Each structure stands twice: as C-alpha cells, then as structure tokens.
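Have a look at the structure below before the remarks.
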Amino acid sequence: MVENDGIYNSARLDKYDELRGKLRQDDIESPQVDLRCRAESGYITLIDRRTLERECLAHGLNCHHINRRVFTFSDLQEWQEARADLGIPSAVLFNAGNCAASNQQLVAEIAELVEAVAPAAVVVLSDNQDINTVLDIIGLGVRGYIPTSVSIDVCIQAISLAIAGGKFIPASSIANIRDLLGVSSPRTMPAMKFTNRQSAIAQALRCGKANKDIASELNLCESTIKVHIRNIMKKLGATNRTEVACKIGDMVVCEH
C-alpha cells in the first residue's frame, strides 16, 4: 500500500494493481500514470529486514526533503520483483544493522546488491563503526558507509554525495585510519577569505549537495552557482568538486 505522506511500502508484483489504485490524487498527472513514470526522475531504494525501522527511516527521509521517492523493501529479491515497474534507482540504502563485515553472509549479500543495482550508488547504514568493517564494506564497491549515530540530515547528504559520484566515510573512521597507521593529523590549512555566498556554497559542496539543490536552498539560478563554484575552485587551487570538499574540510573559512 501507499501511505498518505507519499512513501511507498514494499509490495510484490501481484499487489501492484492495488498500489497503483491508492496513489494520492494530487500526485497523479493523468489516469494512465504508472510507477515507472513516477520513478523516471530517480528514486531511493531502502532495504531493511526490520519493518518498523525501515518504515520509520523512510518517513524520516521524506520529512527531511530528500526530494526523491523512497521505495522500501525487506531484501534484494523483493526489489528485483518490482524492478520491471520501477527501473534502476538513483541510490540504494542498505541497513546492515550491527553485523560485522567478517559475516560472510553479509559480505555476499552486499556484493550481490552492488552488482544487481549497478550503476546505482549503494550506501550502507550500520551500527558497527569498526574501521576494518568500514574498509571491507567500502572495498565491495559501496559508495558510502553511514553509522547509525549520525543525524538524518547527514544521512541524506551522504546519499546525495554517493549519487553525485563521491564516497562518504564518517570522520571518525578517518581519524581511526590515521591512528591505525600511526599518522599524525595534518595541520589545519590557513584561513581562506570567501564572500558570504561563496562560504555557503563551499559548505554545501562539502556536504555533497548537487548544484540544483544548492540553487534551490539559496534561491539562485544554477548558472550562478556554477560561476561561484568556479571562483571557489580558483581560490582553492582545486580541479573538481571532490577536491573542493576535501580542502574545505581542512581549513578555516573566513567570510567578508
């Protein structure tokens, strides 16, 4: 069935007629609209075996304006049964709970998921913050690893970064890697003077937000955002958005 807030619960193919019949009227552009049309702009697949946690997280993503439809499923097989109607998602958020990467069943499940939904970005949500687990999971082709201790906004930003082609690893894991290798933390980069607008855009880039999302938040045209990004890259000596995000994370930003 479909809840009133627009979040789609998992359903098998033999139940899709019922699903179509209960779509909210204000979302339907024509009587012939189907799920594939609704998924053309990209959607998020949320996979979690635990029904309550799955639906609560989907509701949270929707309430915090993830700006994409959220379809929920209990496992990969259930999504595959709906694939003909939905197509490939923009990203898949897989809740691994507190399982460790040493769990061979989990490793096989994530590896199968990455292959099945390609080229969609796969992001893993987990209670486990062990650095070895994080590295093993990322090594499977996952584009993001989100600890359950983060806020829903950070979760959305991590998904957006993964969709944009980047990879999200929690800051705590970076610190653990440095400790593991015996590498001291790098010195903070000197302060860089940005205009108020450039500062806001730079921080948005650091969070992995797309140009259209930044433009919407700041009430600007995408072309204006692109001009600001070019100026930011020039000031930082960066060649791409990922490099901007990394450099912004290591520096103090001064506004003027």
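Residues take their numbers from the sequence shown, with the count starting at 1. From a predicted model like this one, the values you see are computed outputs, not experimental measurements.
- The only member of Thr72, Leu57, Ile156, Asp48 that meets side-chain contact (heavy atoms from CB on, under 4.5 Å) when paired with Leu93 is Leu57.
- No donor-acceptor distance shorter than 3.5 angstrom exists from the side chain of Gln157 to the backbone of Val154, with no hydrogens or angles considered.
- Taking Glu115 as the reference, nothing meets the salt bridge (charged side-chain N to carboxylate O under 4.0 Å, His left out) condition, with sequence neighbours excluded.
- Between Asn211 and Lys226 there is a side-chain heavy-atom pair separated by less than 4.5 Å.
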For Leu125 and Phe94: C-alpha separation, side-chain torsions, deciding distance, then whether side chain to side chain contact (heavy atoms under 4.5 Å, CB included) applies.
CA-CA 6 Å; Leu125 180 67; Phe94 176 80; over 6 Å; no
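- Between the side chain of His59 and the main chain of Glu55, no donor-acceptor pair closer than 3.5 Å is present.
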Given Leu220 and Arg197, is the side chain to side chain contact (heavy atoms under 4.5 Å, CB included) satisfied, shown in steps?
CA-CA 10 Å; Leu220 296 172; Arg197 187 71 74 191; 3.6 Å; yes
CA sep, side-chain torsions, deciding dist, call: Val123, Phe168, side chain to side chain contact (heavy atoms under 4.5 Å, CB included):
CA-CA 8 Å; Val123 178; Phe168 180 88; over 6 Å; no
Working for side chain to side chain contact (heavy atoms under 4.5 Å, CB included), residues Asn128 and Val134:
CA-CA 8 Å; Asn128 194 326; Val134 175; over 6 Å; no
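- Looking at every heavy atom in both residues, Ser74 comes nearest to Arg49 through O-CG, 3.5 Å.
- In this structure, CD1 in Ile214 is found 12.5 Å from OG1 in Thr224, a value given to the nearest 0.5 Å.
- In terms of heavy-atom proximity, Val117 sits nearest to Ile88 at O-CG2, 3.4 Å.
- Pro89 and Trp79 get closest at one heavy-atom pair: CD-CZ2, 3.7 Å.
- Within the 4.5 Å cutoff, the side chain of Lys235 has heavy atoms near those of the Gln198 side chain.
- Each of Ile152, Thr148, Ile146 was compared with Val150 under the side-chain contact (heavy atoms from CB on, under 4.5 Å) criterion, and only Ile146 meets it.
- Note that NE2 of His228 and CD1 of Ile201 are 4.5 Å apart. Values are rounded to the nearest 0.5 Å.
- For the pair Asn95/Arg50, a side-chain contact is recorded, criterion being any heavy-atom separation below 4.5 Å from C-beta on.
- Within the 4.5 Å cutoff, no side-chain heavy atoms of Leu46 are placed close to those of Phe73.
- The pair Arg83-Glu78 does not count as a salt bridge, with every side-chain nitrogen at least 4.0 angstrom from each carboxylate oxygen.
- The backbone N or O of Ala162 lies less than 3.5 Å from a partner atom in the side chain of Arg143, making a donor-acceptor pair.
- Checked by atom type, the side-chain pair Ser126/Tyr145 shows a donor-acceptor distance below 3.5 Å.
- Counting heavy atoms from C-beta outward, Ile44 and Arg69 have side chains that stay 4.5 Å or more apart.
- Val122 places none of its side-chain heavy atoms less than 4.5 Å from the side chain of Leu140.
- Using a 4.5 Å cut-off on side-chain heavy atoms (C-beta onward), Asp153 and His64 make contact.
- Nearest heavy-atom pair across Phe194 and Ala202 is CE1-CB, 4.1 Å.
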